[in-house]
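Report on one structure; see the data block that follows.
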Amino acid sequence: MAVVMLMALLNWLKSMFFALMAITVNVASLVWTLVMGVVKAAAGVIVAPFMALGSVLSSTLGTVLGVSVAATAAPVAAAVTGVVATGATVTLMATIVTGVIDNTALTDGTRDSAHDACTVAAPRTGDSGPGAVVTANTEANAKIVFSVLKSWGMSEANIAGILGNWSRESGVDPTSVESIFSEPYRIGPLKKAAWTGNFTQIPGQSHGGIGLGQWSNGRTMMLLDYAKANNAAWYTIEAQLAFMLQGDDPADVAVFKNMLTVPQASPSAAAYHFHSAWERSADGASRTALRAEAAEMWFGKMSGWKADHSVTGGVQDIVGDVVGSLGTTTGTMTGHCARGDTNGDAGGVAPKNGGMTRTEAQELVDLFNREGDKFLDERYGEAGGPGSCGDNHAENCVSFSTYFVNKYTTFQTYPQGDGIRTAYTIAQQTGKQVTTTPTPYAIGSGPGSGPAGHTLVVLGVQGDTVIVGEAGYCAFMGRVRLASGSEMTAAGWRFVDMTDLMLPADKIKKS
């Protein structure tokens with residue numbers, strides 16, 4: 001009896017075991033079905049957009065990323081109804097990401113093959129001020145520009161000033177085309193299409209900006225024609241630097257040649273000078289200041305650079321011996337404070353009747369940058385006369401106006417007061433009246449960035465365009481700027497005409 005009861009118990013336990021196993025299998029099957037349903041749905045959601053975009057992306061990705069999307073898409077389509085689909089999708093994405101990293105390394109950064117990682121920096125410099133990160137290609141391009149300009153005799157401060165501007169204009173990318181940001185350091189399909197249309201893609205411009213300096217409108221076609229005539233590619237650094245020297249608008253060539261031979265007082269001063277005299281962009285004061293900050297950054301970077309003469313041959317092949325006739329720099333840089341030597345200067349520039357052209361005005365301003373500090377020191381002592389920025393008398397708006405009237409007119413004293421009072425002080429001391437109309441060789445006073453206001457010299461007037469010479473206190477040395485006469489009048493500017501007090505050429509004061 002006991003044996004029978006034991007056997008019955010074992011059979012019951014056996015049946016319960018198998019029943020439990022069946023339940024477990026059913027539950028597992030149900031869970032598996034649910035999981036697979038979710039996987040299928042997810043796989044369809046993930047893969048469908050890639051399949052829909054496959055025909056569009058295949059050629060583009062194949063060209064740009066070096067990835068054969070057509071070869072990868074078929075296995076994905078075949079595997080979309082299982083776990084394999086997820087694996088195929090991950091494989092496709094990994095392949096695409098790898099392609100992006102490789103391609104980015106060729107354009108925007110440097111790849112560390114030992115760790116299979118890529119460090120990609122911002123494509124522009126200067127936005128973060130001194131110390132901003134620079135991409136590998138940007139710095140490589142900057143070194144080429146440095147090597148060529150250094151071999152031509154340009155001071156490092158001037159080179160930094162130009163690079164500071166080009167950081168904002170193009171990212172120091174000679175292939176740059178205005179409004180096209182997706183093809184850095186190369187001529188891609190979008191740039192080719194814009195090129196075919198003579199870069200007419202910018203509304204309101206006859207031709208959009210191209211190259212390192214973003215030559216635009218008529219200068220765009222001048223660069224293209226110059227490169228073609230010299231059997232060179234317009235989008236190379238060599239062609240563009242050669243164009244600056246001998247193919248650009250004559251006034252802009254003169255500005256560039258002047259920078260080869262006349263050092264500015266600092267990278268910031270060079271940036272402001274190049275912007276006002278050569279770039280002439282629509283940037284306001286804050287954005288122009290970013291160019292100066294970028295110039296200081298470049299100046300710091302190039303402290304250890306050496307001119308690589310192996311890269312200058314391409315430019316020299318185009319320009320020939322033009323540079324040899326330019327002479328050498330008239331001053332040397334020591335940190336940021338050195339100013340040009342005025343030895344041999346015989347009074348320099350003599351203003352002509354009726355006002356000056358922009359090029360002539362630039363010559364006068366360049367002379368001020370070379371001798372202004374010494375000229376004012378000799379007259380007023382290092383601590384007297386108009387205010388000094390540190391030990392530099394020349395970096396001050398009142399200094400520029402004082403220099404002009406003391407050197408070129410019979411007014412031989414310091415018109416005391418801030419810039420906003422300079423014209424009124426001169427008018428009071430000479431028995432004149434201030435007017436609302438800018439005329440050649442008038443001293444102007446008006447609003448500035450603070451209560452001290454600003455003063456400047458009108459060096460020429462062409463219609464409503466006023467050619468202004470000015471300096472900024474601890475901001476920039478002498479520079480030329482174009483302004484609107486009507487806008488100056490509306491803003492409250494007042495002028496005192498000095499034409500009748502101008503000295504003859506042989507009486508112009510020397511430093």
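Numbering of residues begins at 1 and proceeds along the displayed sequence.
- At least one side-chain heavy atom of R494 sits under 4.5 Å from a side-chain heavy atom of T436.
- In this structure, the side chain of N369 does not engage the main chain of Q264 through any donor-acceptor pair within 3.5 Å.
- At a threshold of 4.5 Å between non-hydrogen side-chain atoms, the residues V461 and P440 count as touching.
- In this structure a side-chain-to-backbone donor-acceptor pair under 3.5 Å is present from S445 to T422.
- Note that OG1 of T288 is 7.0 Å distant from OH of Y272, once rounded to the nearest 0.5 Å.
- Between V405 and T409 the shortest heavy-atom distance is O-OG1, 2.6 Å.
- Using a distance-only test at 3.5 Å, with no hydrogens or angles considered, no donor-acceptor pair links the side chain of N198 to the main chain of T200.
- With contacts defined as side-chain heavy-atom distances shorter than 4.5 Å, the pair V262/H273 does not qualify.
- In this structure a side-chain-to-backbone donor-acceptor pair under 3.5 Å is missing from S216 to G209.
- Smallest separation of non-hydrogen atoms from G372 and A394: C-CB, 4.3 Å.
- You'll find the side chain of I159 stays beyond 4.5 Å of the side chain of W298, heavy atoms only.
- Atom CG of N353 has 12 or fewer neighbouring heavy atoms from other residues, nucleotides or ligands inside a 6.0 Å radius.
- Of all non-hydrogen atoms in A277 and Q362, the two that sit nearest each other are CB-OE1, 3.3 Å.
- The CZ atom of R358 sits 9.5 Å away from atom CD of Q462, with the distance rounded to the nearest 0.5 Å.
- Not counting sequence neighbours, the partners of D500 by the salt bridge (Lys or Arg N to Asp or Glu O under 4.0 Å) test are K432.
- When all heavy atoms of S170 and G211 are compared, the pair lying nearest together is CB-O, 3.4 Å.
- In this structure, the side chains of L224 and I210 come closer than 4.5 Å at one or more pairs of heavy atoms.
- Separation of atoms CG (L149) and CG (N158) is listed at 9.5 Å; rounding is to 0.5 Å.
- To the nearest 0.5 Å, atom OG of residue S155 and atom CG of residue L260 are 9.5 Å apart.
- Residues M477 and N392 have side chains in contact (heavy-atom distance under 4.5 Å, counting atoms from C-beta outward).
- Contact annotation: the side chain of D225 never approaches that of M222 to less than 4.5 Å [non-hydrogen atoms, C-beta and beyond].
- Shortest non-hydrogen contact noted between F256 and M244 is CD1-CE, 3.4 Å.
- Using a distance-only test at 3.5 Å, with no hydrogens or angles considered, a donor-acceptor pair links the side chain of T196 to the main chain of K192.
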Checklist line | Stepwise side chain to side chain contact (heavy atoms under 4.5 Å, CB included) check, F299 with L163 | finding: CA-CA 9 Å; F299 189 78; L163 289 173; over 6 Å; no
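- Checking S484 against S486 by side-chain atom types alone, a donor-acceptor pair falls below 3.5 Å.
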Next item on the list: Step by step, work out the side chain to side chain contact (heavy atoms under 4.5 Å, CB included) result for N141 and W166.
Entry: CA-CA 11 Å; N141 289 341; W166 287 351; over 6 Å; no
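- At least one donor-acceptor pair under 3.5 Å links the side chain of T425 to the backbone N or O of Q416.
- Put simply, the side chain of T410 reaches to within 4.5 Å of the side chain of L503, judged on heavy atoms.
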Margin query: With side chain to side chain contact (heavy atoms under 4.5 Å, CB included) as the criterion, how do Q205 and T220 come out once you've worked through the C-alpha distance, each side chain's angles and the decisive distance to 0.1 Å?
Written below: CA-CA 11 Å; Q205 293 189 52; T220 305; over 6 Å; no
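- Ring geometry, F199 versus W195: the interplanar angle falls under 30°, so the pair is classed parallel (tilted spans 30 to 60°).
- Atom CD of Q412 is surrounded by more than 12 heavy atoms from other residues, nucleotides or ligands within 6.0 Å.
- Checking side-chain atoms of T439 against main-chain N and O of A442 turns up no donor-acceptor pair under 3.5 Å.
- The local environment of NZ in K507 is sparse, with at most 12 non-hydrogen atoms from other residues, nucleotides or ligands closer than 6.0 Å.
- Distance alone, capped at 3.5 Å, is enough to place a donor-acceptor pair between the Y473 side chain and the S388 backbone.
- Other residues, nucleotides and ligands contribute over 12 non-hydrogen atoms within 6.0 Å of the CD atom of Q429.
- I426 CD1 to L501 CG: the interatomic distance, rounded to the nearest 0.5 Å, is 9.5 Å.
- In this structure, CZ in F375 is found 10.0 Å from OG1 in T402, a value given to the nearest 0.5 Å.
- Side-chain contact of R287 with S281: a donor-acceptor pair under 3.5 Å is absent, judged by distance alone.
- Shortest non-hydrogen contact noted between A361 and I467 is CB-CG2, 3.7 Å.
- A salt bridge is defined here as a Lys NZ or Arg NE, NH1 or NH2 lying under 4.0 Å from an Asp or Glu carboxylate O, and R168 with E279 fails to meet this definition.
- Judged purely by atom type and a 3.5 angstrom limit, R280 uses its side chain to pair as donor or acceptor with the backbone of W278.
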Notebook entry, point to check: Are L456 and M488 close enough, and set up right, to give a side chain to side chain contact (heavy atoms under 4.5 Å, CB included), and what steps lead you there?
Noted result: CA-CA 12 Å; L456 49 77; M488 294 181 76; 4.0 Å; yes
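- A ring pair (Phe, Tyr, Trp, His ring centres under 6.0 Å) with W215 is found for one member of F243, W234, Y235 and no other, namely F243.
- Remark: the backbone N or O of P386 is paired with a side-chain donor or acceptor of H393 at under 3.5 angstrom.
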